[in-house]
Colleague: 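Have a look at this one.
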Amino acid sequence: MELYKQQKIKIYNSLSNQKEDFVSLNEGYIGMYVCGPTVYSNVHLGNVRTFMSFDLVYRYFKHLGYKIRYVRNITDAGHLENDADVGEDRIAKKARLEEIEPMEVVQRYTVDFHNVLRKFNLLPPNIEPTATGHIIEQIEIIKSIIDNGLAYEVNGSVYFDVLKYNEKEHYGILSGRNIEDAIHNTRVLDGQSEKRNPQDFALWKKAQPEHIMRWPSPWSDGFPGWHLECTAMSTKYLGEQFDIHGGGMDLKFPHHECEIAQAQAHNNVTPVKYWMHGNMLILNGKKMAKSTGNYILPEEIITGNNSILSKPFPATVARFFMLQAHYRSILDFSNDALVASEKGYYRLMNAVNLLDNIQESKSSSIDISNWIQSCYDAMNDDFNSPILIANLFEGVKTINLLVEKKETLSSDDLKTFKATFNTFIFDVLGLENVTSTDSSEKLSNVVELLIDMRNEARINKDWALSDQIRDQLADAGVQLKDGKDGTTFSI
Ligand code: AMP
Ligand code: ZN
């Protein structure tokens, strides 16, 4: 496989809005920063999708042999409600509502985040820094931006001077927003605001007496602005310039735009070479989001305890479902889509199991090099996992022909074929083979059989039997739910 690993990769760069040849800043090394979660509630499946997109990127670069340093932060301070510069800190608010310490909120949801990502087989990043662990670094950056004349202090708070910055640089370079239009369209600030212009954003906020998450600084006891932590942590661990910065599409503006401005104002260099943005997971036609209540929790997929799915699905099936879409495409979550993905997933795993027992022949009747190349081509074209998966299904066809002895592979070719097929499925896509280790599919089939028997009992008005099936399943930990589309179950 070594030769295949040397080829050019194209990455869609949100800065230029086009695919570009990937050339790392230091040959053989890659620095990648991805904005992590704000740990004030359980992550929903949409969050998982974004982190999974970058898990795929990380896994592929590792497979290619790069020394990649992957930094993904934990936001545990500074992220206010509505992503705004005023309002309550999300974590402090949760702590107030639950009557616990903010750091208890942080701990609870950081643990949940890690548990969920482990279940979906995401590799941990190399460094996972927290905002509260980098207050000093953030203060140093603010000082430097003030020294460079691009931030100002008012009443103990410090704001980034967007208009001044925009005289020399381009605020809007990433999001395509035009600052002049924005100025034109916003009303003049009401007398309450301390900002010189509405576009300015907070680097440091003086804490009101009731704000408990606070740190000393040269300007006031307060807390850093949300955008600053990522500039501080990415610079600290990856340098003033690094290769890849990722996050969900919804973070492009203002968060990433502000990150660029801060880093440029601080170091006088463009911080990131390739900006990558993952697209959204959609539910019921709308973005999956905690704030609107339009979401499904990862755990609810695994248990089946939800109103969207007809049955439980293993986490790896949900992973496969998400990787069947390209990371830059919108993806719609639905029961039908998951059922279809599950079928495909088991076809793939079945082929993995068959491949284990295929015997080598003296010679090969097929040339496998084109197929291998097509797998690499898919991933080299901006990490196109759906095309890779289509190619793996071509591999499944070959496996079936080998089983039927209609085609043959020599010892060397069989080894290469197996290694490629398994590497892409397990190392690159990060799928897990649950057929051999997990009996959940068999259990599902048995429960479906009992549901059918119960339906028949109900048609025959044998209520005693139908109740017995329902009650004894409940005793065994399987809940049946009767709905307008039939009976579903959760475990
Ligand atoms: P947050 O904790 O809200 O900052 O979100 C963590 C990450 O999840 C960010 O990169 C968001 O862009 C991403 N995200 C939020 N909602 C969705 C969604 N519905 N689909 C995909 N990614 C999302
Ligand atoms: Zn960030």
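Residue numbers run from 1 in the order of the sequence given. First listed ligand is number 1; within each ligand, the first listed atom is number 1. Since this is a predicted model, take the numbers as computed values, not measurements.
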Colleague: Looking at ligand 1, does any of its N/O atoms fall within less than 3.5 Å of an N/O of Asp250?
Modeller: yes
Colleague: Check for me whether the distance between the ring centres of Tyr346 and Phe320 falls short of 6.0 Å.
Modeller: no
Colleague: Is the number of heavy atoms from other residues, nucleotides or ligands within 6.0 Å of NZ (Lys273) greater than 12?
Modeller: yes
Colleague: What is the closest protein heavy atom to atom 4 (O) of ligand 1, and at what distance does it sit?
Modeller: Thr38 OG1, 3.9 Å
Colleague: Only pairs at least two apart or in different chains count here, so list each salt bridge (charged side-chain N to carboxylate O under 4.0 Å, His left out) that has a residue in residues 238-250.
Modeller: Asp250-Lys287
Colleague: Does Tyr274 reach the main-chain N or O of Val23 with its side chain, forming a donor-acceptor pair under 3.5 Å?
Modeller: yes
Colleague: Nearest to atom 17 (C) of ligand 1, what protein heavy atom do you find, and at what distance?
Modeller: Met280 SD, 3.5 Å
Colleague: For ligand 1, indicate whether the residue Lys290 contacts it via side chain, backbone, both or neither (heavy-atom separation under 4.0 Å).
Modeller: neither
Colleague: Under 2.8 Å from the Zn ion (ligand 2), is there an N/O/S atom belonging to His256?
Modeller: no
Colleague: Please report which non-hydrogen protein atom sits nearest to atom 15 (C) of ligand 1, along with the residue it belongs to and the distance in Å to one decimal place.
Modeller: Asn47 ND2, 3.3 Å
Colleague: Would one find an N, O or S atom of Cys230, in either backbone or side chain, under 2.8 Å from the Zn ion (ligand 2)?
Modeller: yes
Colleague: Indicate yes or no: does an N/O atom of Leu281 lie under 3.5 Å from an N/O atom of ligand 1?
Modeller: yes
Colleague: Below 3.5 angstrom, do we get any N/O pair linking Asn279 and ligand 1?
Modeller: no
Colleague: Quick check: Tyr295 with Phe333 (ring centres under 6.0 Å apart)?
Modeller: no
Colleague: Looking at ligand 1, does any of its N/O atoms fall within less than 3.5 Å of an N/O of Met288?
Modeller: yes
Colleague: Partners of Phe313 by ring-ring contact (aromatic ring centres under 6.0 Å, His included), sequence neighbours excluded?
Modeller: none
Colleague: What atoms of ligand 1 come within less than 4.0 Å of a heavy atom belonging to Lys287?
Modeller: 16 (N), 19 (N)
Colleague: Purely on distance, is any nitrogen or oxygen of Gly248 under 3.5 Å from one on ligand 1?
Modeller: yes
Colleague: Under 4.0 Å from any heavy atom of Pro37, which atoms of ligand 1 are there?
Modeller: 2 (O)
Colleague: Is there a nitrogen or oxygen of Gly46 sitting under 3.5 Å from a nitrogen or oxygen of ligand 1?
Modeller: yes
Colleague: Purely on distance, is any nitrogen or oxygen of Thr50 under 3.5 Å from one on ligand 1?
Modeller: yes
